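Small disclaimer: the values here were computed from a predicted structure and weren't measured. All values below were derived from every heavy atom in this structure, side-chain atoms included, with hydrogens, water molecules and symmetry-related copies excluded.
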Amino acid sequence: MDGFEVIGVLGVAIGLPWLIMHYITRWKTAATITQDDEVLLDELYHLARRLDERMETVERLVASDNPEFRPARLVHDHEIDNQKLRELDRLLAEKKGTRA
């Protein structure tokens, strides 16, 4: 065997699997959410909840002053609208319970 053939065989036998495994590892780590991202999402969730409560208060005040004002969020059933938020609250409570 010539020197170039040995390098070629080693490159295919060792280098190619290493390259594939390297990018598989990078792909798996990139697909997960980091701790900083999780904290940011949690803060954004709480901010959205506070803004939603403020909007509801403003809409109720306007609706009490003006009987013709009927925003969709006051007309529709809040139970249906808030099911996903309650599920998210439950999941967050379970998550915090497992960390404690």
Side-chain angles (χ1 to χ4, degrees):
M1 262 200 208
D2 193 336
F4 291 114
E5 292 175 354
V6 171
I7 292 174
V9 170
L10 287 176
V12 171
I14 295 173
L16 189 59
W18 177 82
L19 187 66
I20 291 170
M21 297 305 277
H22 171 74
Y23 282 106
I24 287 175
T25 304
R26 289 228 179 218
W27 171 68
K28 285 184 178 181
T29 57
T32 59
I33 188 169
T34 65
Q35 188 71 16
D36 292 337
D37 292 340
E38 192 172 331
V39 168
L40 178 63
L41 285 174
D42 194 39
E43 290 174 5
L44 289 173
Y45 168 74
H46 290 295
L47 177 64
R49 291 288 295 207
R50 286 196 323 259
L51 291 173
D52 185 52
E53 290 169 2
R54 288 179 184 173
M55 278 298 298
E56 190 173 316
T57 303
V58 168
E59 288 173 348
R60 284 187 181 158
L61 289 171
V62 171
S64 68
D65 290 342
N66 185 0
E68 296 171 5
F69 179 74
R70 283 285 175 230
R73 57 190 289 135
L74 292 178
V75 175
H76 295 297
D77 185 15
H78 283 292
E79 295 300 317
I80 293 171
D81 294 337
N82 292 326
Q83 282 179 354
K84 290 182 180 181
L85 288 174
R86 284 195 192 98
E87 177 68 17
L88 188 56
D89 283 336
R90 185 186 63 77
L91 290 172
L92 285 171
E94 285 178 5
K95 181 178 155 186
K96 289 181 182 181
T98 57
R99 283 188 180 177

- Task: Nearest 0.5 Å please: distance from the CD1 atom of I24 over to the CG atom of L19.
- Result: 10.0 Å

- Any salt bridge between R90 and E87, counting N to O under 4.0 Å? yes

- Atom NE2 of H22 and atom CH2 of W18: how far apart are they, to the nearest 0.5 Å? 5.5 Å

- Task: Measure the CG-NE2 distance between L44 and H46 for me, rounded to the nearest 0.5 Å.
- Result: 10.5 Å

- Query: Same hydrophobic cluster for V58 and F69, using side-chain heavy-atom links shorter than 4.5 Å among ILVMFWY?
  - Reply: yes

- Task: Kindly compute the distance separating OH (Y45) from CG (L40), expressed to the nearest 0.5 Å.
- Result: 15.5 Å

- Spacing of D52 atom CG and T57 atom OG1 [to the nearest 0.5 Å]: 9.5 Å

- Query: Atom CD of E56 and atom CG of L51: how far apart are they, to the nearest 0.5 Å?
  - Reply: 13.0 Å

- Query: Are V6 and I14 joined in one hydrophobic group, where the rule is that I, L, V, M, F, W and Y side chains link up if heavy atoms are under 4.5 Å apart?
  - Reply: yes

